[in-house]
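Letters A, B, ... mirror the listed sequences (proteins, then strands); counts begin at 1. Not measured: the values here are computed from a predicted model.
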Number of protein chains: 2
Amino acid sequence: MIEEKFKLDNQLCFRLYTASRLLTQAYHPLLGEHGLTYPQYLVLLVLWEKDAQPVNDIAKRLLLETNTVTPLLKRMEAEGVVTRSKGKEDARQMIVKLTKKGRGLQKKLTDIPEAVGSAVLCESVTPETVPGLFGMLDDIIKQLHHQI
Amino acid sequence: MIEEKFKLDNQLCFRLYTASRLLTQAYHPLLGEHGLTYPQYLVLLVLWEKDAQPVNDIAKRLLLETNTVTPLLKRMEAEGVVTRSKGKEDARQMIVKLTKKGRGLQKKLTDIPEAVGSAVLCESVTPETVPGLFGMLDDIIKQLHHQI
DNA sequence: TATATTTGCATCGTGAACGATATAAATGAA
DNA sequence: TTCATTTATATCGTTCACGATGCAAATATA
């Protein structure tokens with residue numbers, strides 16, 4: 001008999017990994033209609049909150065490395081969703097700005113949050129329990145992020 | 001002002017995605033010592049529970065596609081952790097078996113579950129609250145898996 | 001003011017994920 | 001039995017993630 005600690009059903013990470021993948025898959029057809037991937041959608045969320053940010057700020061907000069974000073932004077630039085231009089005061093920075101198309105996507109994607117939100121609702125995940133879940137996930141993220 | 005539904009801080013998926021990535025990163029140095037990646041570790045967990053399974057059963061257990069698992073298993077075969085051989089009754093199947101090295105890894109990785117487990121412990125994630133978290137994640141996974 | 005260090009971004013290589021498609025073996029139906 | 005369908009796996013192309021490394025601009029230090 002395998003030890004409890006090695007049972008797949010006792011792993012937090014496998015649950016997070018699977019839930020993350022499946023929820024991302026739920027976004028896929030909705031975003032795909034508009035030529036977007038899920039990480040690209042996250043970049044849009046960041047830029048909709050605050051436009052014209054350097055690569056580094058976007059990466060930090062998403063807790064990703066710039067070597068992940070740079071190619072992603074280049075693809076978004078190729079799609080005409082953002083522009084990338086050298087910073088004026090600091091020539092090392094690449095400032096990422098939304099194009100008209102990028103701003104316009106917010107209206108087109110307006111139904112997505114609710115569609116995905118309702119897709120995950122179930123017995124133990126409700127408007128009442130979500131804040132508790134958010135709190136635990138935030139704690140895990142904070143805990144792990146500070147260890148790195 | 002951006003709508004609440006588009007705020008990054010209100011997204012469940014971003015939390016799951018980030019928590020999953022960071023927790024996987026916590027495994028990385030521990031597994032890397034033994035030449036393993038996190039998905040490869042998951043395959044080991046599956047095979048330690050039950051050796052000699054076809055590709056399809058492993059993929060189903062991990063809720064992955066075979067086109068993800070096949071190359072992964074080939075890399076594990078190249079590392080001498082598993083063998084892959086045609087099934088006797090069904091020649092379409094590839095039966096994946098642990099090698100001596102693959103079985104031996106269980107002893108070498110014996111400290112990893114506790115090391116990672118203690119790394120995530122924090123105010124809101126404790127032995128008392130983990131079952132509730134597991135329940136919610138399991139519900140989300142079940143809910144989304146059945147929609148596909 | 002030189003030089004060293006840090007910072008911001010990019011490039012490269014590897015390993016997932018996954019949609020689309022291909023191939024061979026097994027199964028079902030005519 | 002013959003042919004169509006299903007099933008199990010594999011291949012291919014694209015997009016992340018991310019460690020390692022490179023390079024140029026900015027900053028700190030001698």
Side-chain angles (χ1 to χ4, degrees), chain A residues 13-14 16-29 31-33 35-43 53-79 81 84-96 148, chain B residues 13-14 16-29 31-33 35-43 53-60 62-79 81 84-96 144 148:
Chain A
C13 191
F14 177 57
L16 290 172
Y17 161 80
T18 304
S20 169
R21 280 194 311 104
L22 293 179
L23 194 46
T24 299
Q25 282 176 32
Y27 279 93
H28 191 267
L31 294 172
E33 269 184 63
L36 292 169
T37 64
Y38 180 69
Q40 290 172 13
Y41 173 66
L42 291 181
V43 169
Q53 297 192 52
V55 173
N56 211 19
D57 289 16
I58 296 172
K60 280 215 168 69
R61 184 81 172 93
L62 299 177
L63 301 186
L64 290 168
E65 301 297 320
T66 61
N67 57 359
T68 297
V69 174
T70 292
L72 200 154
L73 290 171
K74 284 184 162 187
R75 285 186 284 268
M76 293 178 79
E77 185 182 35
E79 292 291 326
V81 177
R84 304 184 316 128
S85 51
K86 274 220 179 112
K88 306 265 176 176
E89 358 60 85
D90 190 334
R92 292 170 303 180
Q93 292 184 334
M94 282 297 270
I95 307 297
V96 182
I148 298 170
Chain B
C13 191
F14 176 58
L16 291 171
Y17 162 79
T18 304
S20 169
R21 280 193 312 104
L22 293 180
L23 193 46
T24 300
Q25 283 177 30
Y27 279 94
H28 192 267
L31 294 172
E33 267 183 65
L36 292 169
T37 65
Y38 180 70
Q40 290 172 12
Y41 173 67
L42 292 181
V43 169
Q53 296 193 53
V55 174
N56 212 18
D57 289 15
I58 297 171
K60 280 216 169 69
L62 299 176
L63 302 185
L64 290 168
E65 301 299 318
T66 62
N67 57 0
T68 297
V69 175
T70 291
L72 201 153
L73 290 171
K74 283 184 162 188
R75 284 186 282 269
M76 293 178 78
E77 187 183 33
E79 291 291 327
V81 177
R84 304 183 317 129
S85 51
K86 276 221 179 111
K88 305 266 175 172
E89 3 49 274
D90 191 334
R92 291 171 304 180
Q93 293 184 334
M94 283 297 270
I95 309 297
V96 182
L144 293 171
I148 299 170

Next on the checklist: Base, sugar-phosphate or nothing for Pro71(B)? Non-hydrogen atoms, less than 4.0 Å.
Outcome noted: nothing
Examine [N]: is either OP1 or OP2 under 4.0 Å from a nitrogen or oxygen in the side chain of [X]? Give yes or no.
X: Thr70(A); N: dC9(C); result: no
X: Tyr38(B); N: dG15(C); result: no
X: Gln40(A); N: dC16(D); result: yes
X: Asn67(B); N: dA10(D); result: no
X: Arg75(A); N: dC16(D); result: yes
X: Gln93(B); N: dA25(C); result: no
X: Thr37(B); N: dA16(C); result: yes
X: Arg84(B); N: dA10(D); result: yes

Item to check | Residue closer to the 5' end of DNA chain D, Glu89(A) versus Glu65(A) (nearest nucleotide) | outcome: Glu65(A)
Checklist entry - Of Pro39(A) and His28(B), whose nearest nucleotide on DNA chain D comes first from the 5' end? => result Pro39(A)
Next on the checklist: Before you tell me yes or no, could you show the steps for Val43(B) and Met76(B) under side-chain contact (heavy atoms from CB on, under 4.5 Å), namely the whole-Å CA-CA distance, both residues' side-chain angles and the distance that decides it to 0.1 Å?
Outcome noted: CA-CA 9 Å; Val43(B) 169; Met76(B) 293 178 78; 3.8 Å; yes
Checklist entry - Do the ring planes of Tyr27(B) and Tyr38(B) sit parallel (below 30°), tilted (30 to 60°) or perpendicular (above 60°)? => result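 Answer is tilted, since the angle falls between 30° and 60°.
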Item to check | Evaluation steps, side-chain contact (heavy atoms from CB on, under 4.5 Å), between Arg21(A) and Leu64(B) | outcome: CA-CA 9 Å; Arg21(A) 280 194 311 104; Leu64(B) 290 168; 3.3 Å; yes
[X] [atom1] to [N] [atom2]: how many Å, rounded?
X: Leu64(B); N: dG15(C); atom1: CG; atom2: P; value: 17 Å
X: Leu72(A); N: dC9(C); atom1: CG; atom2: P; value: 15 Å
X: Glu79(B); N: dT14(C); atom1: CD; atom2: C1'; value: 12 Å
X: Lys74(B); N: dG15(C); atom1: NZ; atom2: P; value: 14 Å
X: Leu36(B); N: dG19(D); atom1: CG; atom2: C1'; value: 17 Å
X: Arg92(A); N: dA24(D); atom1: CZ; atom2: P; value: 14 Å
X: Tyr17(A); N: dA16(C); atom1: OH; atom2: P; value: 9 Å

